[in-house]
S.K.: 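Take a look at the following structure, please.
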Amino acid sequence: MFESIKDQIKNVKKIVFVTGAGISQESGIPTFRGKDGLWRNYDAMKLATIDAFYENPRLVWEWYNERRKNIFSAHPNNGHKAIAELEKLRDVVVLTQNIDGLHQKAGSSKVLELHGSIVKIKCTVCDFIDEMMTDFSESPPLCKCGNILRPDVVWFGEALPQDVWQKAIIHANQCDLMIIAGTSLAVSPANTLPMYAKQNNALLIEINPENTEMSSEMDLIIRNTSANILPEFISLFKEN
Ligand code: APR
């Protein structure tokens, strides 16, 4: 399946992966819009917006506590591991929409978390931000300044962390090859990253069992799962 691109990837130096919930699906973490996706069972507008948080912070905290338990018990799969391994052969950067930290757990060293991280918390008022070390006794937990703490993730209608986003655009604009794995590309601005890569004439490859919002823009589409395909794909670079 890679025959058509073997020659093109010979000269690839910088590779950027854009990943989403699908790459962690085989680690037991549900996607958002897939068959048993979270947004099929929960109302995103009741759980993942700042208004929903202020309306019922206890509910939102309980939901993130459940997700955190699921994520903390998950392990990187062959998809995450293959990307980490490729770092030994090429300049690799991961731009992920995932908040689960599994790329880093697999050993990837250059990971930009576009939508934040479930292990981090921040104050809704002061500039306190930290890793969540223990479970809180009270819900919602309070900051030492007395205001409520929130998960350090990006909710619908919120801007991405600007320093992270600016760096992501630069990496996308500099890459020779962009692999879009496990994301529906339904959410912006992350779904504009392939366009930045295209501006640099990068090769675009989509790894996803299903069509995405931008399948028509891709140079190569592989309708399979990331844990199945990525180890095989990485082996191409060992040959070169
Ligand atoms: N391997 C590869 N792709 C997969 C796999 C798999 N094993 N399983 C599912 N997929 C694909 C699905 O076909 C789908 O296209 O992964 C994609 C997951 O899409 P979404 O559920 O929309 O998740 P994502 O693209 O990460 O969502 C973006 O939306 O809800 C917000 O902030 C949240 O970061 C998230 C953003």
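Heavy-atom basis, side chains included; hydrogens, waters and symmetry copies ignored. As the structure lists them, so they are numbered: ligands from 1, and atoms in each ligand from 1.
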S.K.: Should T212 be counted as touching ligand 1, given the test is an N or O pair under 3.5 Å?
M.R.: no
S.K.: Can you tell me the protein heavy atom closest to atom 15 (O) of ligand 1 and the distance?
M.R.: N208 ND2, 2.8 Å
S.K.: Does a side-chain heavy-atom distance below 4.5 Å link L114 with L193?
M.R.: yes
S.K.: Tell me which protein heavy atom sits closest to atom 8 (N) of ligand 1, plus the residue, atom name and distance to 0.1 Å.
M.R.: Q25 OE1, 3.5 Å
S.K.: Yes or no on salt bridge (Lys or Arg N to Asp or Glu O under 4.0 Å) for K110 and D91, after CA distance, side-chain angles and deciding distance?
M.R.: CA-CA 9 Å; K110 287 194 245 175; D91 176 13; 2.6 Å; yes
S.K.: How close does the nearest protein non-hydrogen atom get to atom 35 (C) of ligand 1, and which residue and atom is it?
M.R.: F32 CE1, 3.6 Å
S.K.: With no hydrogens and no angle check, do the side chains of T19 and H80 hold a donor and an acceptor under 3.5 Å apart?
M.R.: no
S.K.: At a 4.0 Å threshold, what atoms of ligand 1 neighbour a non-hydrogen atom of G20?
M.R.: 26 (O)
S.K.: Of all the non-hydrogen atoms in the protein, which one sits nearest to atom 30 (O) of ligand 1, and at what distance?
M.R.: W39 NE1, 2.8 Å
S.K.: Mind checking whether A186 contacts ligand 1 via backbone (N, CA, C, O), side chain (CB onward), both or neither, at a 4.0 Å heavy-atom cut-off?
M.R.: neither
S.K.: Give yes or no for whether the N/O distance cutoff of 3.5 Å, strictly under, is met between T225 and ligand 1.
M.R.: no
S.K.: Restricting to non-hydrogen atoms, name the atom on M45 and the atom on A52 that form the minimum distance, rounded to 0.1 Å.
M.R.: O-CB, 3.3 Å
S.K.: Looking at atom 1 (N) of ligand 1, what's its closest protein heavy atom, distance included?
M.R.: S226 N, 3.0 Å
S.K.: So do P141 and I148 actually touch side chain to side chain, heavy atoms under 4.5 Å?
M.R.: no
S.K.: Under 4.0 angstrom from ligand 1, any heavy atom of W155?
M.R.: no
S.K.: Ring-plane angle category for F53 and W155, please: parallel below 30°, perpendicular beyond 60°, tilted otherwise.
M.R.: tilted
S.K.: Tell me, please, which residues at least two apart from F17 pass ring-ring contact (aromatic ring centres under 6.0 Å, His included).
M.R.: none
S.K.: May I have the step-by-step check of salt bridge (Lys or Arg N to Asp or Glu O under 4.0 Å) for R150 and E158, ending in yes or no?
M.R.: CA-CA 14 Å; R150 57 165 285 177; E158 293 190 317; 2.8 Å; yes
S.K.: Which ligand 1 atoms does E26 reach within 4.0 Å, using its non-hydrogen atoms?
M.R.: 1 (N), 6 (C), 7 (N)
S.K.: Between atom CG of L95 and atom CG of L112, what is the distance when rounded to the nearest 0.5 Å?
M.R.: 5.5 Å
S.K.: Can you sort out which atoms of ligand 1 are near E210, meaning under 4.0 Å from one of its heavy atoms?
M.R.: 13 (O)
S.K.: Considering only NZ, NE, NH1 and NH2 on the basic side and carboxylate oxygens on the acidic side, decide whether E62 and R68 come within less than 4.0 Å.
M.R.: no
S.K.: Near F156, which atoms of ligand 1 are under 4.0 Å from a heavy atom of that residue?
M.R.: 30 (O), 31 (C)
S.K.: Which of the atoms of ligand 1 are close to G182, meaning less than 4.0 Å from one of its heavy atoms?
M.R.: 2 (C), 3 (N), 16 (O), 17 (C), 18 (C)
S.K.: How close does the nearest protein non-hydrogen atom get to atom 34 (O) of ligand 1, and which residue and atom is it?
M.R.: H115 ND1, 2.8 Å
S.K.: Does V187 have a heavy atom less than 4.0 Å from any atom of ligand 1?
M.R.: yes
S.K.: Can you tell me if E206 and S215 form a side-chain donor-acceptor pair at under 3.5 Å?
M.R.: yes
S.K.: Counting both backbone and side chain atoms, is some N or O of N211 under 3.5 Å from an N or O of ligand 1?
M.R.: no
S.K.: Is the shortest distance from a heavy atom of A181 to ligand 1 less than 4.0 Å?
M.R.: no
S.K.: Compare all side-chain heavy atoms of I180 with those of P194 and state whether any distance is below 4.5 angstrom.
M.R.: yes
S.K.: For atom 26 (O) of ligand 1, what's the nearest protein heavy atom and its distance?
M.R.: A21 N, 2.8 Å
S.K.: Does only the side chain of R33 get under 4.0 Å from ligand 1, or the backbone, or both, or neither? Count heavy atoms.
M.R.: both
S.K.: We want to know whether E213 and N191 form a side-chain donor-acceptor pair, criterion being a heavy-atom distance below 3.5 angstrom.
M.R.: no
S.K.: Would you mind telling me if ligand 1 is within reach of the side chain of Q97, the backbone, both or neither, using heavy atoms under 4.0 Å?
M.R.: both
S.K.: Is the closest N or O pair between T183 and ligand 1 shorter than 3.5 Å?
M.R.: yes
S.K.: Where is the tightest heavy-atom contact between K46 and L59, given as atom of each residue plus distance?
M.R.: O-CD2, 4.0 Å
S.K.: So which protein heavy atom does atom 9 (C) of ligand 1 come closest to, and at what separation?
M.R.: G22 CA, 3.8 Å
